[in-house]
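In what follows, a structure is listed as structure tokens, so that the remarks can point back to it.
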Amino acid sequence: MRKTPMPQTGAQIPAGTGLPAQALDDGQEVQLRSAESAAGRRSRLTTGAMVTLFGLLLTALAFTAKGSARFALSDAFDAVQLPTITVPGLATVLVCGLLTLLAGLGYLSGRLSGRMPAVAGTVAGLAVMIGFLAWAAAGRDLPFPVSNQLNGTLAIATPLVLGALAGVLSERAGVVNVAIEGQFLVAAFAAAVVGSTTKSIVAALVAAVIAGVLMAALLALFTITYLVDQVVMGVVINLFASGITGYLFDQLIQPKSAELNQAPQMQTIAIPGLSKIPFFGPVLFTQTALAYLALASVVLVWFLLYRTRWGLHVRAVGEHPKAADTVGINVARTRWSAVLAGGVFAGLGGAFFTVGSTGAFAKDITVGNGFIALAALIMGRWHPVLAALMALFFGFVKQMASQLSTLNTPAPSQFLLMLPYIATIIAVAGLVGRVRGPAADGQPYVKEGH
């Protein structure tokens with residue numbers, strides 16, 4: 001709360017301050033209190049209630065944790081064996097639950113200001129993650145494999161990062177991209193077929209990129225040129241992709257699976273020297289080429305959007321297309337270029353599901369990852385770096401569900417399978433109200449006189 005000295009009697013106070021037009025006597029002081037919007041208050045209370053609920057659940061789970069929780073920093077094949085960390089299960093979960101509870105009460109009180117909401121959210125997120133893992137690993141025969149968890153996180157997050165970047169480019173230009181799932185699916189199909197016939201991973205990646213760009217062109221044609229509703233068109237493309245790939249799989253791939261559905265698989269590439277670093281080496285520097293490409297793509301998209309003239313034009317048409325048109329920027333052409341550029345990254349993301357992992361295509365193999373990438377985009381505030389971090393978060397949750405299923409944890413296997421999607425719903429429901437996308441996102445633009 002700040003005290004502000006008032007000007008002399010009769011001085012006019014600028015409009016919008018919430019103070020009377022006439023100032024009080026010279027020397028008097030008033031206290032200014034920042035007002036909270038209705039949307040901000042609703043979002044704060046929603047987030048606070050959700051975090052508080054998690055705190056209460058963790059606190060209750062603490063009393064069911066038996067024994068110690070062990071976390072292995074190395075796996076059996078690492079050259080350097082790091083120690084296994086052992087913590088008391090009940091105490092660890094209880095402390096994490098109380099920290100989460102305090103963060104939730106802080107949100108509900110409305111007394112968090114400045115950077116404190118972000119700090120409280122970070123503390124709550126880490127506390128929930130550590131507390132849940134400690135509860136799941138407490139009393140188990142095997143320790144929780146931390147290095148495998150992080151290594152798998154980067155692998156699983158690879159298509160999510162690439163899909164989120166595709167959405168960033170498209171939506172920064174003002175075109176809502178709900179079609180990431182469809183782009184993934186068609187690109188995965190193209191990579192599988194071309195990779196199987198040519199036995200070349202490079203050819204498979206090129207085919208995936210072409211497929212992703214073609215699907216992006218379909219989106220751009222109907223939404224930018226013909227002004228079809230962007231969300232509806234995205235849903236139509238997803239359904240079209242699922243139908244056409246399913247039909248071709250049944251009619252073309254399945255009868256000749258040995259010839260058309262046996263693509264080569266990417267192998268991990270160990271960066272010399274760096275891959276030998278204990279713990280961090282196997283996690284960060286022993287990944288596939290697509291994983292390295294995804295990390296490099298984050299830097300590339302950030303540079304394109306914030307350090308080039310083209311990126312300035314993209315952001316301009318996404319915020320105020322009429323003003324951009326006034327200064328000579330071709331809105332339609334800029335939007336087309338952004339959507340097509342996004343198709344490149346969506347195509348690479350789709351290739352992960354075939355040549356990047358199993359080497360074979362199956363119906364609806366992407367299993368909703370395009371929508372998780374869309375959630376990461378929204379959670380990341382339409383910023384390439386933040387969107388990539390959110391994709392890593394969702395990748396962490398998916399890998400954690402897989403790891404916990406091998407530890408014979410008390411959580412039902414069905415719940416573990418649903419965990420990534422539950423986390424997506426909770427994250428978007430709790431935080432989406434606090435973010436604002438590009439002002440013209442989803443709004444078609446028609447040049448005056450046309």
Next item on the list: Without swapping roles, check the side chain of Y292 against the backbone of I269 for a donor-acceptor pair under 3.5 Å.
Entry: yes
Note to self: Taking the ring of H320 and the ring of Y445, is the distance between their centroids below 6.0 Å?
What the structure shows: no
Margin query: Does T288 form a side-chain contact (heavy atoms from CB on, under 4.5 Å) with F352? I'd like the steps, not just the answer.
Written below: CA-CA 10 Å; T288 64; F352 169 85; 5.5 Å; no
Notebook entry, point to check: D364 and S242: side-chain donor and acceptor closer than 3.5 Å?
Noted result: yes
Check: Minimum heavy-atom separation for T354 to A360, with atom names?
Finding: CG2-O, 3.7 Å
Note to self: With no hydrogens and no angle check, just 3.5 Å: does a side-chain donor-acceptor pair link K447 and N330?
What the structure shows: no
Check: To the nearest 0.5 Å, what is the distance between CG (L219) and CD1 (I224)?
Finding: 7.0 Å
Next item on the list: Give a yes or no on whether K276 atom NZ has more than 12 heavy-atom contacts from other residues, nucleotides or ligands under 6.0 Å away.
Entry: no
Note to self: Given 3.5 Å as the limit, does a donor-acceptor pair link the side chain of T100 with the main chain of G55, or not?
What the structure shows: no
Notebook entry, point to check: Does the side chain of V317 come within less than 4.5 Å of R335's, by heavy atoms?
Noted result: yes
Checklist line | Worked check of side-chain contact (heavy atoms from CB on, under 4.5 Å) between E259 and T197 | finding: CA-CA 7 Å; E259 301 173 15; T197 53; over 6 Å; no
Check: Going from NE2 on H313 to CD1 on I329, what distance comes out if it is rounded to the nearest 0.5 angstrom?
Finding: 4.0 Å
Notebook entry, point to check: Out of curiosity, T223 OG1 to W336 CH2, how far, rounded to the nearest 0.5 Å?
Noted result: 8.0 Å
Notebook entry, point to check: So how far is it from I372 CD1 to F393 CZ, rounded to the nearest 0.5 Å?
Noted result: 10.5 Å
Next item on the list: May I have all residue pairs that pass ring-ring contact (aromatic ring centres under 6.0 Å, His included) and include part of residues 161-213, sequence neighbours excluded?
Entry: F184-F353, F189-F361
Note to self: Measuring from atom CH2 of W382 to atom CE of M379, what distance do you get when rounded to the nearest 0.5 angstrom?
What the structure shows: 10.5 Å
Checklist line | N/O donor-acceptor pair under 3.5 Å between T47 side chain and R44 backbone | finding: no
Notebook entry, point to check: Between N369 and T366, is there a donor-acceptor pair closer than 3.5 Å when you use the side chain of the first and the backbone of the second?
Noted result: yes
Checklist line | Closest non-hydrogen atom pair, P278 against L82 | finding: CB-CD2, 4.3 Å
Check: Counting only N and O atoms by type, is there a donor-acceptor contact under 3.5 Å from the side chain of Q399 to the main-chain atoms of T153?
Finding: no
Notebook entry, point to check: So how far is it from L290 CG to L205 CG, rounded to the nearest 0.5 Å?
Noted result: 5.5 Å
Notebook entry, point to check: Where the side chain of Q149 meets the backbone of M400, is there a donor-acceptor pair that is under 3.5 Å apart?
Noted result: yes
Notebook entry, point to check: What heavy-atom pair brings S109 and G106 nearest, and what distance separates the two atoms?
Noted result: OG-O, 2.8 Å
Item checked: Heavy-atom pair with the smallest gap, counting every atom of P384 and L305 -> CD-CD1, 4.3 Å
Note to self: Can you tell whether the side chains of K363 and D250 come within less than 4.0 Å, N to carboxylate O?
What the structure shows: yes
Next item on the list: Compare every heavy atom of Q230 with every heavy atom of V175, then report the nearest pair and how far apart it is.
Entry: CA-OE1, 3.3 Å
Notebook entry, point to check: Does V314 offer a backbone N or O that forms a donor-acceptor pair with the side chain of R172 under 3.5 Å?
Noted result: no
Check: Within the side chain of T268, is there an N or O that forms a donor-acceptor pair under 3.5 Å with the backbone of Q287?
Finding: no
Next item on the list: With side-chain contact (heavy atoms from CB on, under 4.5 Å) as the test, would you mind laying out the steps for I180 and F371 before giving the verdict?
Entry: CA-CA 7 Å; I180 300 174; F371 298 108; over 6 Å; no
Item checked: Exam field: side chain N177 to backbone G167, donor-acceptor pair closer than 3.5 Å -> no
Next item on the list: Kindly determine whether M233 and D229 satisfy side-chain contact (heavy atoms from CB on, under 4.5 Å), including the steps that lead there.
Entry: CA-CA 6 Å; M233 191 62 210; D229 184 275; over 6 Å; no
Next item on the list: Taking atom CZ of F280 as the centre, report whether more than 12 heavy atoms of other residues, nucleotides or ligands fall under 6.0 Å from it.
Entry: no
Check: What are the two closest non-hydrogen atoms of V178 and G234, and how far apart are they?
Finding: CB-CA, 4.2 Å
Next item on the list: Please answer whether the main-chain N or O of A60 pairs with a side-chain N or O of T64 as donor and acceptor at a distance below 3.5 Å.
Entry: no
